[in-house]
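Keep in mind that what you see is a predicted model, and the values were worked out from it rather than measured. Below, each value reflects all heavy atoms present in this structure, side chains not excepted, and no hydrogens, waters or symmetry copies. Below, read A as the first sequence line, B as the second, and so on, with proteins coming before strands; counting in each chain starts at 1.
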Number of protein chains: 2
Amino acid sequence: MPPTADLVLGLNAVIVAVTAEVPRVLTLNRGEQPALPFGPLDPVQDRTLELGLRRWVSEQAGLSLGYVEQLYTFGDRNREEDEGSGEPRVLSVAYLALVREEEAETVAGAQWTDIYRFLPWEDWRRGGPRILDRAVVPALAKWRDSADHRALRQVRSERIDIAFGLHGSPRDGYRVLERYELLYEAGLVAEARRDRQLSQARGDEESPLPGRTMAFDHRRILATALGRLRGKIHYRPVVFELLPPTFTLLQLQRVVEALAGVPLHKQNFRRLVERGGLVEGSGRFDSQTGGRPAELFRFRRDVLRERPTSGVGLPVHPRE
Amino acid sequence: MPPTADLVLGLNAVIVAVTAEVPRVLTLNRGEQPALPFGPLDPVQDRTLELGLRRWVSEQAGLSLGYVEQLYTFGDRNREEDEGSGEPRVLSVAYLALVREEEAETVAGAQWTDIYRFLPWEDWRRGGPRILDRAVVPALAKWRDSADHRALRQVRSERIDIAFGLHGSPRDGYRVLERYELLYEAGLVAEARRDRQLSQARGDEESPLPGRTMAFDHRRILATALGRLRGKIHYRPVVFELLPPTFTLLQLQRVVEALAGVPLHKQNFRRLVERGGLVEGSGRFDSQTGGRPAELFRFRRDVLRERPTSGVGLPVHPRE
DNA sequence: TCCAATTATTCTCACTGTGAGCATAACCAG
DNA sequence: CTGGTTATGCTCACAGTGAGAATAATTGGA
């Protein structure tokens, strides 16, 4: 196995914070479109991939990452142009990182952007997003009907139903990547048109949907991160990485809702985290609620020992 | 970002099949120790990583892979020797693949090995493995007590309890990697001693535990794969990738048990897969059961549309 | 032929987790 | 002191699940 010099390795970071009920991702301005932070691995200096990531994030953004988790390794050649050109193949190992609200200071050249600016069809907190019925579903239907063969139409129809929870299929908050990839395949996100630029000069493409474009395949990476994060809060208490040491239950609920993209039943949420042993009261109270003061809680680290797989469990049938 | 020539990229495959109630992994003889299949990525030819994997597995082993899923990317430098030497850094993207029993033919130089030969402490189908009480737990206790400071002993104690489900902590079948890494850190698996060879010539190490060693970090990769697979059958019907098109419910149960490493309640298992809509009766029967003939079932593909997140759900409190 | 052993299949029962909503408590602004 | 607002406590219905009894349909030998 010879060293492969025609290959570049990088690390991508999806750095997430939640401020004021808005889930945000750290983005950089690389060219026209926002991009995720990207850094190289120093094969000599960095003993592990994760340490390498922490090193350059710290150097570049002055951010000290708390929770870090490897997401996925992206290495598909999605631009036709790459094929013949002498450009090296890019392989990127993507990481998900969570930082606390307070530490989320804006660094020069970087900004915290609402994740749902990039994936507007994922926010169901105030009911089904309008963009879905107005733009996404009709465009997908058009794509479905444009298939040449009946069988292909059937396949597309099922994929659409499953991904977006239509026609009786339950909606599944975790399938963020599946939804994005469907939209990409259907040519409904700007990235798809950009990537196909040279090979497809056909005029039958839809105009791209609302939702901000990102550089390279970064929106795909973001979708992967959001899906993973939504799944993770089910069975691991990761939300607390995003909160100050002490918080009210409503604050906690809002953070979970922001990530999950669905509204939760307040009383049941309280029951879940309290009876699940995830939090403990501090005895202190927050009177800035606008109503009855709320007790300040803190995360019970012991829960990791008692109930190793405990999370805040999202509802199967969220309220509308 | 310059091309990094001092870096080698490869793809590893954990190819799993279940035959006769034994979960097996395809291993090759590379040197003294068994190794996982490993192949390069051809940056020019292989459009995607997964296609690259399928290509060389097909070429080398004559195996056509069914279900394939990316596992994790390993790139830690775990051998001190690498540091100064001119050896390139190895980065490997590991994949999990499932193949059907019938297709699991032995290829020259390759063999199907019982996964629990490598991870004997993971098989709880006939109660807690003897190796646990006899060797693992005492050795871990020794390691815990060898810590210099009280605080460190406490930390180690908790980690051991959580990982192995001791002292009231529930046992968690998915924490396969966590358990292996703990044993590695404690110097209880041969790989740890091998990797520390040069830096630690101390004589205070335990003799390695039972359980076969693998080349490089392949046992770690295998542990990752088993943990992921155990988690996956919870919420995705992947088991069927390992079964013939038609099977009895007991056959299905045995395969799940083999992977989960836990015995299941027969009647409840039937209720789960039947009421969950995962299978449908074929009307035909298998009379080779030794008792009353069992109906042959097949996987209901429709379930993917109706209940997108359905699996066979392992019990939280498995029978002993 | 009939019985014991074996496996398959059907049901019951208790308990827990969860979705939904009512009721009460404690604060604020006017 | 009153209405608005948020926090907290509690009840009820119902689905899912762990456990096991009971019944059905075979086979192999006594």
Side-chain angles (χ1 to χ4, degrees), chain A residues 21 124 170-171 173 233-235 246-254 256-257 260 262-297 303 307 309-320, chain B residues 21 124 170-171 173 233-235 246-254 256-257 260 262-297 306-307 309-320:
Chain A
E21 309 187 4
W124 281 67
R171 214 178 57 82
I233 44 185
H234 247 324
Y235 58 95
T246 191
F247 46 82
T248 69
L249 292 188
L250 187 57
Q251 281 170 17
L252 174 60
Q253 181 179 341
R254 293 296 182 223
V256 173
E257 287 175 334
V262 289
L264 299 174
H265 186 281
K266 187 170 181 170
Q267 296 95 317
N268 290 346
F269 183 79
R270 161 182 285 267
R271 179 178 63 189
L272 198 67
V273 296
E274 263 193 317
R275 301 253 289 246
L278 283 166
V279 298
E280 61 188 357
S282 69
R284 296 186 299 116
F285 287 81
D286 175 8
S287 346
Q288 311 302 312
T289 58
R292 171 173 169 176
E295 183 163 10
L296 289 165
F297 287 78
V303 79
R307 313 183 45 183
T309 61
S310 58
V312 289
L314 306 183
V316 186
H317 306 297
R319 297 184 320 173
E320 292 286 312
Chain B
E21 307 187 5
W124 282 66
R171 211 177 59 80
I233 45 184
H234 247 326
Y235 59 98
T246 191
F247 47 82
T248 68
L249 293 186
L250 186 58
Q251 281 169 17
L252 173 61
Q253 182 180 341
R254 293 297 182 221
V256 173
E257 287 175 334
V262 154
L264 300 174
H265 186 282
K266 186 170 181 169
Q267 295 95 317
N268 291 345
F269 182 80
R270 160 182 287 267
R271 180 177 60 189
L272 198 68
V273 296
E274 263 192 316
R275 302 252 287 246
L278 284 166
V279 297
E280 62 188 355
S282 69
R284 295 187 299 117
F285 288 81
D286 175 8
S287 342
Q288 311 302 310
T289 57
R292 173 174 169 175
E295 183 165 9
L296 288 164
F297 287 78
E306 300 161 8
R307 313 183 44 183
T309 61
S310 57
V312 290
L314 305 183
V316 186
H317 306 296
R319 297 185 320 173
E320 291 286 311

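- Side-chain contact between B:L264 and B:V256 is present, with at least one heavy-atom pair separated by less than 4.5 Å.
- What separates CG of B:L296 from C1' of C:dA8 is a distance of 13 Å, to the nearest Å.
- B:L264 places its CG atom 19 Å from the P atom of D:dG16, with the value rounded to the nearest Å.
- Listed by chain and number, the residues in a side chain to side chain donor-acceptor pair (under 3.5 Å) with A:E280 are A:R298 (sequence neighbours excluded).
- Residue B:K266 contributes atom NZ, which lies 18 Å from atom P of D:dT23 at whole-angstrom precision.
- Comparing D:dA19, C:dA8, D:dC12 by their closest approach to the side chain of B:T289 singles out C:dA8.
- Here the side chains of B:F297 and B:L278 are not in contact, with every heavy-atom distance at 4.5 Å or above.
- Residues B:N268 and A:N268 both approach DNA chain C. Their nearest nucleotides, taken by heavy-atom distance, put B:N268 toward the 5′ side.
- In this structure, NE2 of B:H265 is placed 12 Å from C1' of C:dT12, rounded to the nearest angstrom.
- In this structure, A:L250 atom CG and C:dC27 atom P are separated by 17 Å, rounded to whole Å.
- If you take CZ of A:F269 and P of C:dG17, they are 17 Å apart, rounded to a whole angstrom.
- A pairwise comparison of heavy atoms in A:Q251 and A:D286 identifies NE2-OD2, 4.0 Å as the closest pair.
- Using a 4.5 Å heavy-atom cutoff, the side chains of A:L296 and A:T248 are in contact.
- Listed candidates were D:dA19, C:dT18, D:dT17. Nearest to the side chain of A:R271 is C:dT18.
- We find that CZ of A:F285 is positioned 12 Å from C1' of C:dA25, with the value rounded to whole Å.
- Rounded to an integer number of Å, the gap from A:L272 CG to D:dG9 C1' is 16 Å.
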For the pair B:Q253 and B:K266, evaluate side chain to side chain contact (heavy atoms under 4.5 Å, CB included) and give the outcome as yes or no after the intermediate values.
CA-CA 8 Å; B:Q253 182 180 341; B:K266 186 170 181 169; 3.7 Å; yes
If a protein heavy atom is under 4.0 Å from the base, mark B; if only from the sugar-phosphate, S; if neither, -; do that for nucleotides 25-30 of chain D going 5' to 3'.
BB----
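- For the residue pair B:S282 and B:T246, the shortest heavy atom distance occurs at OG-OG1, 4.4 Å.
- Residue contacts for B:Q267: at a heavy-atom cut-off of 4.0 Å it reaches a base atom on one of the strands shown.
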